2 protein chains.
Amino acid sequence: MTTSPTRTDAPTRREQILKEAARLFAERGFHGVGVDEIGAAVGISGPGLYRHFPGKDAMLAELLVGISERLLDGGRLRVAESDGDPRAVLGSLIDGHIDFALDDRPLITLHDRELDRLKDEDRKRVRQLQRQYVELWVTVVRELYPRAGEPEARAAVHAVFGLLNSTPHLGGAPLDRTGMERLLRGLADGAFGALGD
Amino acid sequence: MTTSPTRTDAPTRREQILKEAARLFAERGFHGVGVDEIGAAVGISGPGLYRHFPGKDAMLAELLVGISERLLDGGRLRVAESDGDPRAVLGSLIDGHIDFALDDRPLITLHDRELDRLKDEDRKRVRQLQRQYVELWVTVVRELYPRAGEPEARAAVHAVFGLLNSTPHLGGAPLDRTGMERLLRGLADGAFGALGD
DNA sequence: GGCATACGTTAACGGTCATTAACAGCACTC
DNA sequence: GAGTGCTGTTAATGACCGTTAACGTATGCC
């Protein structure tokens, strides 16, 4: 495998670029950021980026495909690791998503904001990954709350995503990390609990 | 007063433009839409828009200021009309926000997505209106759940906004209007309920 | 009828910006 | 030490796009 979890080596130039591009895209939108700016953020100048990426679109594509894959992989892992208790599985999915939202705010922002700027092929791929991730949640939610219909469960999952992904909208950080984790977990549990009537 | 509630007269050209611009901005982002496209959407051609607005920025500004004012005014009205029971007031605020989110999806999308494209003056005004609207909610939430600290209440309000504003992310409409209203109301109540411990 | 005002049109201007061209240093091999 | 990728640079290109100019037409008012 490549290097995913808890690496200690220095980030490659490609990775620097992706990180800064994500931040800038999230701040000002894909069209609102110029390649010169992205270059400047990593200490090289505009066209130098083309030694690492075929174009600006490719950066966005890699970011969105990457985040979607990581979300889905993480979700699948948590479901597979579980003992089958739906309550525990859903809790684990929520915690995983919270970690993600708190660790990678810019990516979370991009995820539902810039999808339409992708080439057809990439957009299809991202949407497919997103769909599978949602399906993971819907399945567990319906096991835990059998009285909820499928459309209700699906809409509820989307709504809770909106809830969990709200952190970028908070200006400062009035709450510390663990406080925010606990709060979001409670809110999400409470929201899903409403499906039990 | 002008004409706000349940009008029967035909929409003016200005209003047509604003509506189509909102839709297009929400779909492809402010920078992703050209003035020619907006013009075409209302049957005139690009520069014709300049008979109605001083520029593209002005359209976005009017949209964002308008939505923020309507949200705040609606919220204030509901608080003022109430008998003071925090539970009823919060329920009324939630219902009002849901109506808004379901009626004006494009505006909801723009509201937290394109704020940075505004001139300093307009952005300040919108942010101030948003802040006051949040304050309305936080006050009620803290009355209803005194055990919650202020940062928790504030973050919870933002999170519930994310929950309620999630409807644009649902592709089709697997749930009918009243079903969606009821679901969102339940989810929001459940989420806030978590503040009671 | 004369004329102002409102509302369009098409053509041109000017700036921004992604991308490409042309060129250069640097490391590392054979 | 010539050769070859790798990674930069600056300058040019070409498209797109917001905005303005210059010009038409209908409506309604004196």
Side-chain angles (χ1 to χ4, degrees), chain A residues 2-3 9-64 110 113-123, chain B residues 2-3 9-64 110 113-123:
Chain A
T2 59
T3 49
D9 48 343
T12 128
R13 170 70 22 123
R14 256 185 84 88
E15 289 167 333
Q16 289 178 45
I17 295 172
L18 283 175
K19 183 178 168 194
E20 294 303 310
R23 184 179 56 80
L24 290 167
F25 289 161
E27 276 174 13
R28 296 210 290 288
F30 180 69
H31 291 297
V33 179
V35 289
D36 289 352
E37 248 171 314
I38 303 172
V42 298
I44 71 180
S45 209
L49 296 172
Y50 286 73
R51 298 289 168 202
H52 305 274
F53 294 92
K56 195 184 164 194
D57 301 341
M59 298 180 209
L60 182 64
E62 187 157 332
L63 285 171
L64 291 187
L110 288 185
R113 194 168 293 197
E114 306 283 358
L115 184 56
D116 305 319
R117 262 53 106 199
L118 256 48
K119 293 193 312 272
D120 274 18
E121 181 200 344
D122 294 322
R123 188 171 51 244
Chain B
T2 59
T3 48
D9 49 342
T12 129
R13 171 69 23 123
R14 254 184 87 87
E15 289 167 333
Q16 288 179 47
I17 295 173
L18 283 176
K19 183 179 169 194
E20 293 304 309
R23 184 179 57 81
L24 290 167
F25 289 161
E27 277 174 13
R28 296 210 290 287
F30 179 69
H31 290 299
V33 179
V35 288
D36 290 350
E37 247 171 315
I38 303 173
V42 298
I44 71 181
S45 211
L49 296 172
Y50 286 74
R51 299 287 169 201
H52 305 273
F53 294 92
K56 195 183 162 192
D57 300 342
M59 299 178 209
L60 182 65
E62 187 157 332
L63 286 171
L64 291 186
L110 287 185
R113 194 169 291 197
E114 306 283 355
L115 184 57
D116 305 320
R117 263 51 105 199
L118 256 48
K119 294 194 313 272
D120 274 19
E121 181 200 343
D122 294 321
R123 189 172 49 246

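Throughout, protein chains are lettered first and strands after them, A, B, ... in sequence-line order, and every chain is numbered starting at 1. What you see is a predicted model; the values in this text were computed from it and never measured. Values reported hereafter were calculated over all heavy atoms of this structure, with side chains retained and with hydrogens, waters and symmetry mates removed.
Rounded to an integer number of Å, the gap from Arg117(B) CZ to dT16(C) C1' is 16 Å. The interatomic distance linking Leu49(A) (CG) with dT19(C) (C1') rounds to 12 Å, in whole Å. We find that CD1 of Ile44(A) is positioned 16 Å from C1' of dA24(C), with the value rounded to whole Å. Atoms CD1 (Ile38(A)) and P (dC17(C)) sit 12 Å apart, rounded to a whole Å. Straight-line distance from the CZ atom of Phe53(B) to the P atom of dG8(C): 12 Å, rounded to whole Å.
Residue contacts for Val42(A): at a heavy-atom cut-off of 4.0 Å it reaches no nucleic acid atom on any strand shown. Across all strands shown, Gly55(B) has heavy atoms under 4.0 Å from sugar-phosphate atoms exclusively, and none from any base. Counting non-hydrogen atoms under 4.0 angstrom, Gly48(B) reaches a base of the nucleic acid.
Nucleotides of DNA chain D lying under 4.0 Å from heavy atoms of chain B occupy a range whose first and last members, 5' to 3', are dG18(D) to dC23(D).
Annotation: salt bridge (Lys or Arg N to Asp or Glu O under 4.0 Å) contacts involving residues 50-61 of chain B, sequence neighbours excluded, are absent.
Distance check: Gln16(B) CD to Ile44(B) CD1 gives 9.0 Å after rounding to the nearest 0.5 Å. The OG1 atom of Thr12(B) sits 7.5 Å away from the CD1 atom of Ile17(B) when rounded to the nearest 0.5 Å.
Listed nucleotides dA22(C), dT20(C), dG8(C) differ in distance to Arg51(A); the shortest reach to its side chain belongs to dA22(C).
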(request) Begin with the C-alpha distance, continue with both residues' side-chain angles, and end with the deciding distance and a verdict on side chain to side chain contact (heavy atoms under 4.5 Å, CB included) for Glu114(B) and Leu63(B). (result) CA-CA 11 Å; Glu114(B) 306 283 355; Leu63(B) 286 171; over 6 Å; no
(request) Go through the steps for Ile38(B) and Phe25(B) under the test side chain to side chain contact (heavy atoms under 4.5 Å, CB included), then give the verdict. (result) CA-CA 9 Å; Ile38(B) 303 173; Phe25(B) 289 161; 3.9 Å; yes
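Using a 4.5 Å cut-off on side-chain heavy atoms (C-beta onward), His31(A) and Phe30(B) make no contact.
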